[in-house]
Trainee: 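Pasting in a structure now, in structure tokens, and then I'll have a few things to ask.
A, B, ... follow the sequence lines: proteins, then strands. Residue 1 opens every chain.
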Number of protein chains: 2
Amino acid sequence: MTGTNPVLTSAGYLLLKAGTQFHGVIDEALGAEDLTGRQFLVLTFVGGEDQLSQLELSRRLNLDPTIIVGLLDELGDRGLVNRVRDPADRRRHLLELTAAGRRAQHRAAKAVAIAERGFLAPLGASDRKQLRRFLLEVMQSRLPWLGDA
Amino acid sequence: MTGTNPVLTSAGYLLLKAGTQFHGVIDEALGAEDLTGRQFLVLTFVGGEDQLSQLELSRRLNLDPTIIVGLLDELGDRGLVNRVRDPADRRRHLLELTAAGRRAQHRAAKAVAIAERGFLAPLGASDRKQLRRFLLEVMQSRLPWLGDA
DNA sequence: TATTGTTATACTCTATAACTATA
DNA sequence: TATAGTTATAGAGTATAACAATA
């Protein structure tokens with residue numbers, strides 16, 4: 001197709017489309033665990049190193065704090081996440097995974113990894129690694145909690 | 001940060017975040033042209049090689065046909081796009097850019113290219129090119145109208 | 001007086017269904 | 001009878017503002 005506008009083969013446009021399409025792929029892959037991509041990220045962040053408050057979680061997910069409430073309500077009802085009052089500052093809720101939450105996160109992470117493999121299948125293993133390095137390079141300054149992973 | 005979950009440094013997660021963040025960057029860059037990213041893509045597709053109907057446009061943008069209506073109404077009111085009845089099938093509207101529409105698309109494309117440069121600034125020129133090749137490889141089968149650009 | 005989390009409300013966006021005109 | 005485009009409506013998702021409890 002000779003006349004395709006350069007915009008439509010630019011890295012930026014392809015990045016946008018890859019992002020949205022991969023989002024769909026993820027949500028589908030997580031359907032078996034009855035999780036959305038967003039819920040999976042909540043589990044992942046809550047299960048991470050630093051014990052997060054709701055406000056800190058909202059910043060990492062780039063979501064309004066009011067949205068976090070409903071997310072945690074549901075994951076709490078399903079017995080995957082607990083809210084614990086911070087004894088040092090009783091306004092804050094510290095978040096932690098239950099044992100079931102940890103198991104669900106692990107299963108979901110496997111499903112996501114497989115989906116990612118499938119999505120990137122047109123690339124060979126070393127190209128996939130290099131793509132990851134490029135993206136890490138680009139995003140490092142924009143995702144401060146990555147540190148220098 | 002030693003304990004960062006591998007999910008958060010995976011190609012897939014970084015792809016998602018890069019996509020959403022770049023979306024924000026684009027919308028901001030296009031603010032000067034008073035266009036959203038979506039409107040810019042409409043102009044770009046309509047200005048492209050094949051003369052599209054609204055239905056075909058909705059497929060390329062992956063948007064419901066009912067959403068296209070409002071988009072074209074506004075871009076039409078602003079004198080950037082025209083709807084022309086297809087003489088061969090009078091149910092269809094063929095879309096075309098006005099002269100002003102073509103100028104707006106060109107200006108916007110420049111702004112977007114600059115924004116993309118900024119977004120990918122952590123990468124050198126040859127890494128940017130390679131990133132684009134990787135993304136093209138991955139997305140080629142998912143964006144059929146790219147052909148083998 | 002400021003901050004964390006919560007609730008209620010309003011707004012935006014999208015999906016669904018029904019309609020017109022063409023085929 | 002099916003399709004392209006349109007309109008109206010309802011639903012989902014989000015942002016805004018106000019509130020209770022802590023600091």
Trainee: Walk along nucleotides 6-15 of chain C from 5' to 3' and tag each nucleotide B, S or - by protein heavy-atom contact under 4.0 Å, base first, then sugar-phosphate.
Mentor: BB------S-

Trainee: Separation of A:R85 atom CZ from C:dG5 atom P, in whole Å?
Mentor: 9 Å

Trainee: Can you find an N or O donor on one side and an acceptor on the other, under 3.5 Å apart, linking the side chain of A:R91 with the base of C:dT3?
Mentor: yes

Trainee: Any ion pair linking B:E56 and B:R92 (charged N to carboxylate O, less than 4.0 Å)?
Mentor: yes

Trainee: Can A:R78 and A:D73 be counted as an ion pair, charged N to O under 4.0 angstrom?
Mentor: no

Trainee: Flag yes if B:L123 and B:V25 sit in one hydrophobic cluster, no otherwise; membership is Ile, Leu, Val, Met, Phe, Trp, Tyr, and two members link when side-chain heavy atoms are under 4.5 Å apart.
Mentor: yes

Trainee: Side chains of A:Q54 and A:R83: donor-acceptor distance under 3.5 Å anywhere?
Mentor: yes

Trainee: Using the rule that two of Ile, Leu, Val, Met, Phe, Trp, Tyr join whenever any of their side-chain heavy atoms come within less than 4.5 Å, decide whether A:L143 and A:L55 are in one cluster.
Mentor: no

Trainee: State yes or no: do A:L94 and A:L97 share one hydrophobic cluster built from I, L, V, M, F, W and Y residues joined by side-chain heavy-atom distances below 4.5 Å, directly or via other members?
Mentor: no

Trainee: Please give, in whole Å, the distance from C:dT4 P to A:L52 CG?
Mentor: 14 Å

Trainee: Between A:D127 and B:R133, does at least one N-O distance fall below 4.0 Å, as a salt bridge requires?
Mentor: no

Trainee: Between which nucleotides of DNA chain D, read 5' to 3', does contact with chain B run, using atoms under 4.0 Å from its heavy atoms?
Mentor: D:dA2 to D:dT7

Trainee: Please say yes or no: joined through hydrophobic side-chain contacts below 4.5 Å, possibly via intermediate residues, are B:V69 and B:I67 part of one cluster?
Mentor: no

